Amino acid sequence: MPAIDPHIGTQLVDLCSALLLLTCFAIVAQRRLSACVELFALQSGFLAATTALVAFLTGIHHLYLAAAMTVLIKGLVIPRILKKVIERLNVTRELQMNVNVPAGLLICGALVILAFFITQPIIPLGFLLTRDSLAIALAIVLIGFFTMIARKKAVTQVVGFLVMENGLFLGATAAAYGMPLIVELGVFFDVLVASLIVGIYTHRIQDAFDSLDTSQLTTLKE
């Protein structure tokens with residue numbers, strides 16, 4: 001049995017989930033590409049801490065492995081890959097965005113309200129100590145999707161995709177204390193391979209258009 005009172009444990013899980021959400025706002029407000037990558041690594045660290053805390057409170061030991069994989073792949077390997085891409089392409093700032101920062105933050109605030117509104121009827125039906133994190137997980141998924149739409153650079157769009165994946169992982173933890181171990185390992189492998197492919201993809205965009213602006217792909221013709 002855990003040495004922490006379940007009520008306190010629930011509050012700690014909610015605190016870690018809230019820190020994940022705050023990093024989403026920081027990513028939306030950030031213009032430097034390298035800082036976006038660093039904030040994603042920090043968010044992954046909070047996700048790993050949340051997963052490890054849930055493992056400790058529930059005694060589900062495979063969640064410790066999921067937390068360790070989160071630190072290794074999302075906290076270290078993928079940020080290192082993305083930083084190598086940024087350094088090699090010598091692109092440090094995102095000068096043009098589809099939505100400016102103040103408007104983006106307001107939209108993210110609206111998405112958080114929408115996520116809490118959608119999950120409000122569901123949360124009282126749950127009995128897990130992580131059930132309150134479900135709304136935050138949905139908000140993170142929505143903000144990650146918004147980041148992919150609002151940004152023009154391929155690197156920040158990738159960060160948005162990875163933020164969405166973090167939100168889905170938190171949602172699985174909140175709704176069912178995580179996924180089966182084989183599924184979690186498969187997801188980590190898919191995310192790692194996707195990051196490697198994106199590294200190659202960004203090089204191709206840079207070679208073809210001398211820019212990482214994905215809106216220029218609309219000029220492609222058969």
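Quick caveat, the model's predicted, so the values are computed rather than measured.
Annotation: the span from I60 atom CD1 to H62 atom NE2 amounts to 6.5 Å, rounded to 0.5 Å. Going from atom CG of L53 over to atom CG of L63 covers 11.0 Å, rounded to the nearest 0.5 Å. Atom-to-atom distance recorded for L47:CG and L42:CG is 11.5 Å, nearest 0.5 angstrom. Between L111 atom CG and I118 atom CD1 the span is 9.5 Å, to the nearest 0.5 Å. Rounded to the nearest 0.5 angstrom, L82 CG and F40 CZ are separated by 8.0 Å. Remark: S34 OG to L39 CG distance equals 9.5 Å, nearest 0.5 Å.
The list of salt bridge (charged side-chain N to carboxylate O under 4.0 Å, His left out) pairs with a residue in residues 164-175, not counting sequence neighbours, reads K74-E165. The salt bridge (charged side-chain N to carboxylate O under 4.0 Å, His left out) analysis of residues 171-181, with sequence neighbours excluded, yields no pairs.
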Got a list of side-chain donor-acceptor pairs under 3.5 Å for residues 135-150, not counting sequence neighbours?
{"unit_1": "T147", "atom_1": "OG1", "unit_2": "I143", "atom_2": "O", "d": "2.8"}

Ignoring hydrogens and angles, write down the donor-acceptor pairs under 3.5 Å from the side chains of residues 10-28, residues two or more places apart or on other chains.
{"unit_1": "T10", "atom_1": "OG1", "unit_2": "P6", "atom_2": "O", "d": "2.9"}
{"unit_1": "Q11", "atom_1": "NE2", "unit_2": "H7", "atom_2": "NE2", "d": "3.2"}
{"unit_1": "S17", "atom_1": "OG", "unit_2": "V13", "atom_2": "O", "d": "2.9"}
{"unit_1": "S17", "atom_1": "OG", "unit_2": "S133", "atom_2": "OG", "d": "2.9"}
{"unit_1": "T23", "atom_1": "OG1", "unit_2": "L20", "atom_2": "O", "d": "2.5"}
{"unit_1": "T23", "atom_1": "OG1", "unit_2": "Q43", "atom_2": "NE2", "d": "3.2"}

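L134 belongs to a hydrophobic cluster whose remaining members, ordered by chain and number, are I122; membership requires side-chain heavy atoms of ILVMFWY residues under 4.5 Å apart, directly or through intermediates.
With sequence neighbours excluded, the residues that form a ring pair (Phe, Tyr, Trp, His ring centres under 6.0 Å) with F169 are F188.
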